[in-house]
Number of protein chains: 4
Amino acid sequence: MVVKLNRKELIRQTAIQVMAEYGYHNSTTDKIAEEAGIAVGTIYNYFRNKEQILEYIFAVELEKRQKAFVEQQQSSKPVLEKLQALLELHFAEIANNIAVGQILVREQQLPGKSEVTSISDFLQGVPQWIEELLNTAIEQGEICTCDTRIIAAAMFGAVQGVAAKAVFEEDKNIQNQILQSAPKELIHLFTGGISLDR
Amino acid sequence: MVVKLNRKELIRQTAIQVMAEYGYHNSTTDKIAEEAGIAVGTIYNYFRNKEQILEYIFAVELEKRQKAFVEQQQSSKPVLEKLQALLELHFAEIANNIAVGQILVREQQLPGKSEVTSISDFLQGVPQWIEELLNTAIEQGEICTCDTRIIAAAMFGAVQGVAAKAVFEEDKNIQNQILQSAPKELIHLFTGGISLDR
Amino acid sequence: MVVKLNRKELIRQTAIQVMAEYGYHNSTTDKIAEEAGIAVGTIYNYFRNKEQILEYIFAVELEKRQKAFVEQQQSSKPVLEKLQALLELHFAEIANNIAVGQILVREQQLPGKSEVTSISDFLQGVPQWIEELLNTAIEQGEICTCDTRIIAAAMFGAVQGVAAKAVFEEDKNIQNQILQSAPKELIHLFTGGISLDR
Amino acid sequence: MVVKLNRKELIRQTAIQVMAEYGYHNSTTDKIAEEAGIAVGTIYNYFRNKEQILEYIFAVELEKRQKAFVEQQQSSKPVLEKLQALLELHFAEIANNIAVGQILVREQQLPGKSEVTSISDFLQGVPQWIEELLNTAIEQGEICTCDTRIIAAAMFGAVQGVAAKAVFEEDKNIQNQILQSAPKELIHLFTGGISLDR
DNA sequence: AATGAATGAGCATTCATTCAT
DNA sequence: CATGAATGAATGCTCATTCAT
C-alpha cells in the first residue's frame, strides 16, 4: 500500500534525510526540494522559511514524546517505570528513523535567536518533564532527595549521549543493539548507579 | 597588569566570545576581527580558515582535559575519584569561561566532513577515556560490570547535559551553584543512582 | 525589431564587452551583471563560475570556425583557397564584433590549469587544423614541403598578429581596412612571401 | 664561479620563473619573495609594485632586442639578413631561458591601463621596427611593395606563434629543434612563402 | 636596506526567498 | 497550489602593499 504523502509531510521527511546527512546549515532548500521531487517554491507554500522546517521536525518529535508523557502521567505506575516507558518510546522512535535521531542529537544550535521554539522546547522542556517526574517521585518517597534540576539535566544529557552513540555508529548491528538495550541500561544507571554494593 | 596576548591567543579568545554569542555558523570572520580589534586578514595569518579557529578552540580545551586525564591515570586513586577530579577540572574551566562552555556544549555539528579533528576528538575521544576508566574500574572490582560503551556515552552525555544547563542559565548565581555542585551530583548519580535503598 | 536574448546569450555578449574592455582578470562578475542589467546570482544559474563564461565565449567562436573548417574540408578546392575562405570568415567575424576579437587575441592566459578547454582548443587546435591543411596540400603537390608544424604555428601567429593590430587600432577606418585586406595580404604572404622575384 | 646577483636581478629572475609557471595574475608577491629567499618587503625596495616587475622583465628583454636592432640597422646587410639575425638572437634568448619566452608569449594582457609601458613597447614597438625594416627594404628594391603595416604585424605574430609553439612544447628535444630551426623557417616563409613555384 | 606581520579593499560565489506565470 | 528563474545581501578568503622595527 503506497501511502500518498501530503506535501508538508513529504517535505518534513525529505528534510530529515537531507539534514541528517549534511546538517541543518549545509542543507539547502534546493537540495531538499530536489530530493523531494518538488520545486523550491513549493516548500514556501508550507513553511515560512527554512528554519521552520527544522522547527516542524522537532515539533513532530516533541509531540510524540509529549503525548506519551501525558499518558504516563495519567497512569499510576511508579515513576521509574514511567521513565522507562518514555525511554523505550524514544529509542524505538530513533530505531525507526535513524536520521531523525541524528537531528535530535546534533542540532543543538538554535538557529539565531529566532522563532524556533520547538527546539528549545525540546532541549529545555524535556528536562523539565524529567524534573517533574523526579519531584513527584521524591514526594512519593520513591527516590532519594536530590537536586532534581541538575539530575534531570544529567539524565536528559545521558539519554542524548547514548542516542548520539547509537545514531552515529556505523555498524548497523551494534547500532540496533545499543538502541535496544539503551532504555534498560539507562534506567539501571539512573536507579542504582554503577556501584558494586547495590 | 595588562597581559599582552599574542595574536593567535587574542583571536582564539575573541572567537570564543563571538561564537558563544552567535554560534559558529552565524559568526563572521569580519565580526571576530572587529571584536578583536584587528583586520580580517590577520586572522588568516594564524588560521587557515574559519573552521580552523573552532578546531583550535576545541583543541585547547581538549588538551587541558587530556593532560588532566593522563595525570589522573598515573595516580593510584580509585577510578571514581579520578573521574571526580576530572569533572571538577571540567566544570571549573567552564565556570572560568562560560562562553567556552557554551561552545563545547553546542557545537556538536562538525562543520562539513573536514579537517576539524579536535571536535570529533572531543565528542568521541572523551567518552573513550571514560570507557577506559570504567573498564579499569571493573577489572579492579571497583564497580559492577556493565556495558561500558553505553554507560560511558551516557556519562559523557550527562556531563554535557549539566554543563548545558549551567552555561545557558541566565541567573548567574544559579549558574555558579550548578557548576559548583555538578561534579559531586554527577558522581553521586553515577555511583549510586537515585534509588532510596542505596 | 528587438531580439529578446535568452539569458545565457545576454551574459555571453555582455561579458565579451566587459572582458574586452578590462581584460578577463579585471572583469568582475558584479560588473558583468550590472552591465547586463541582471543580478550576479543569475550569472551562476547559467555558468558554473566566472571562468566558464570565458570558456563559453571561446567555445562559441571556436565552433563557428570549426564548422567552417569542416565545410571547407568537404569541398574540393585547392588548399590555399580553403585557407583564404577561413581567413575571410575569421576576419569578418572579428569585424562584426571587435570586442570578441580583442578577447581572442589577448586572453592567451588559460586561467589556472582548469577546465577551460576551449581556450586551449583554440590556441592549440586551430594551428592543428592549419597543419592538417598544409599536410594535405603537400600531399597533393600544391605547396612545397616544409616543417608544417612550425609553419602552421607561424601562420596562426600571423593571423593573431594581424587581428591584434586591427582590434587595437583606434582609428575605425584603418581598422576596417586592415580587417578587410587581412585575408588577402596574409594569403599573399603565405603564398609567395615578400620576395621581389615571385 | 658563483655570480652574486644583486637584489633587483634576483627578483627579476625569480619572478620570471614564478610568472612563467603560474602566469602573472596567479603569481603572488609572497610566492616570488619566498622563491627568491627574501622578504616581501624587499621586493618593494626595488619595484614600485608587482606590475613593475613584469614591466622590468619586458624592459630587459626589449632592450636586448633593441640593441641588436640598432646594431643591425647600422650595418649594410640586406634587410632580410638583418631580420634573420634578429630572429636568431630572439630564439637564442628564448632557448636560453624558456621561462622568459613563455612570459613574452603569454602576457599579452597589459595589466590595467597602467604604466606598464615596456609591454606595449614590446607588443607594438617591435612590429614597428619590422615595419621600418620592411619600408627600407622596399625603398632599396629588396622586396616587393606591400602593406608593410599589416605584413609587419603578421611577421611579429608569426614569430610569437612559433615561439609559443616552442616554449609550451613539453618534449625538450622537439622544443630545441623548433627553437633552432625557427629563424630559418620563418625567413623562408617570409621570403618566398610556401608556393611550389618559387 | 631588509624584514614580515598587519592591513583591508576587493571579489567570487552561495543560497534563502520571492513572484510572475 | 506549483513552479523555478531571478534576486542580491551576505560572507569567506586573498593578496598587493605598507611600515614599524
Side-chain angles (χ1 to χ4, degrees), chain A residues 6-8 10-11 24-34 36-53 111-112, chain B residues 6-8 10-11 25-34 36-53 111, chain C residues 6-8 10-11 25-34 36-53 111, chain D residues 6-8 10-11 24-34 36-53 111-112:
Chain A
N6 68 42
R7 289 296 211 244
K8 188 166 186 180
L10 171 65
I11 294 166
Y24 173 79
H25 282 284
N26 295 318
S27 299
T28 67
T29 49
D30 275 350
K31 178 73 180 168
I32 294 169
E34 187 196 326
I38 60 175
V40 228
T42 304
I43 292 178
Y44 287 83
N45 288 332
Y46 297 92
F47 296 94
R48 201 145 18 86
N49 51 41
K50 180 183 164 189
E51 199 173 287
Q52 289 296 307
I53 307 174
Chain B
N6 69 39
R7 288 301 210 243
K8 189 168 187 180
L10 170 65
I11 294 166
H25 282 286
N26 295 316
S27 298
T28 67
T29 49
D30 276 350
K31 179 72 179 167
I32 294 169
E34 188 195 325
I38 60 175
V40 224
T42 303
I43 292 178
Y44 290 85
N45 288 337
Y46 297 92
F47 296 94
R48 199 144 20 87
N49 51 42
K50 182 183 160 188
E51 198 175 289
Q52 290 296 309
I53 306 176
Chain C
N6 69 38
R7 289 300 210 245
K8 189 167 187 181
L10 170 64
I11 294 166
H25 283 285
N26 295 317
S27 299
T28 68
T29 48
D30 276 349
K31 180 72 179 167
I32 294 168
E34 188 195 325
I38 60 175
V40 223
T42 303
I43 292 178
Y44 289 85
N45 288 337
Y46 297 91
F47 296 93
R48 201 145 17 86
N49 52 42
K50 181 184 162 187
E51 198 174 288
Q52 288 297 307
I53 307 175
Chain D
N6 69 39
R7 287 299 209 239
K8 189 166 187 181
L10 170 65
I11 294 167
Y24 173 80
H25 282 285
N26 295 317
S27 298
T28 67
T29 49
D30 276 350
K31 180 71 179 168
I32 294 169
E34 188 196 325
I38 60 175
V40 226
T42 304
I43 291 177
Y44 287 84
N45 288 334
Y46 296 92
F47 296 93
R48 199 146 19 86
N49 52 40
K50 180 183 163 188
E51 200 173 286
Q52 289 297 308
I53 307 175

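In what follows, chains are A, B, ... by sequence order, proteins preceding strands, each numbered from 1.
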| Which atom pair, heavy atoms only, marks the closest approach of C:Gln52 to C:Phe47? |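 Result for this residue pair: O-CD2, 3.6 Å.
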
| said: Looking at every heavy atom in both D:Ile43 and D:Ile38, which two are closest together, and how far apart are they? | reply: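 Minimum heavy-atom contact is CG1-CD1, 4.1 Å.
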
| said: Pick the closest DNA chain F nucleotide for A:Ile38 and for C:Gly37 by heavy atoms, then say which residue is nearer the 5' end. | reply: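 The residue closer to the strand's 5' end, by nearest nucleotide, is A:Ile38.
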
| message | Pick the closest DNA chain F nucleotide for D:Ser27 and for C:Ile43 by heavy atoms, then say which residue is nearer the 5' end. | response |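 Going by which nucleotide is closer to the 5' end, it is C:Ile43.
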
Candidate nucleotides [options], ranked by approach to the side chain of [X] - the nearest:
X       : options                : answer
A:Lys50 : E:dT3, E:dT17, E:dT13  : E:dT17
C:Tyr44 : E:dT18, E:dT14, F:dT18 : E:dT14
D:Val40 : E:dG8, E:dT17, E:dG4   : E:dG4
C:Thr42 : F:dC1, F:dA6, E:dG4    : F:dA6

Using whole Å, report how far [atom1] of [X] lies from [atom2] of [N].
X       : N      : atom1 : atom2 : answer
A:Asp30 : F:dA6  : CG    : P     : 14 Å
C:His25 : E:dG10 : NE2   : P     : 19 Å
C:Asn45 : E:dT17 : CG    : P     : 17 Å
B:Phe47 : F:dT14 : CZ    : C1'   : 18 Å
A:Ile53 : E:dC15 : CD1   : C1'   : 13 Å
C:Ile11 : F:dT7  : CD1   : P     : 10 Å
A:Ile32 : F:dG4  : CD1   : P     : 17 Å
A:Leu10 : F:dA2  : CG    : C1'   : 13 Å

| field | Side-chain touch D:Tyr24/D:Glu51, heavy atoms, less than 4.5 angstrom | value |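 Touching, per the 4.5 Å side-chain cut-off.
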
| Are any of the side-chain heavy atoms of C:Tyr44 and C:Thr29 separated by less than 4.5 Å? |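 Yes - at least one pair of side-chain heavy atoms lies under 4.5 Å apart.
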
Measure the [atom1]-[atom2] distance between [X] and [Y] for me, rounded to the nearest 0.5 Å.
X       : Y       : atom1 : atom2 : result
B:Asn45 : B:Arg7  : CG    : CZ    : 10.0 Å
A:Thr28 : A:Lys50 : OG1   : NZ    : 7.5 Å
D:Leu10 : D:Ile32 : CG    : CD1   : 11.0 Å

| Any donor-acceptor pair under 3.5 Å from D:Lys31 side chain to D:Asn26 backbone |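 Not confirmed, D:Lys31 side chain does not pair with D:Asn26 backbone.
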
Between [X] and [N], is there a contact of a side-chain N or O with OP1 or OP2 at under 4.0 Å?
X       : N      : result
B:Arg7  : E:dA6  : yes
B:Thr28 : F:dT11 : no
A:Thr29 : E:dA16 : yes

| query | Base, sugar-phosphate, or nothing for D:Tyr46, non-hydrogen atoms under 4.0 angstrom? | reply |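 Touches sugar-phosphate only.
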
| field | Which nucleotides of DNA chain E pair, in dot-bracket form (Watson-Crick or G-U under 3.5 Å, | meaning another strand) | value | .||||||||||||||||||||

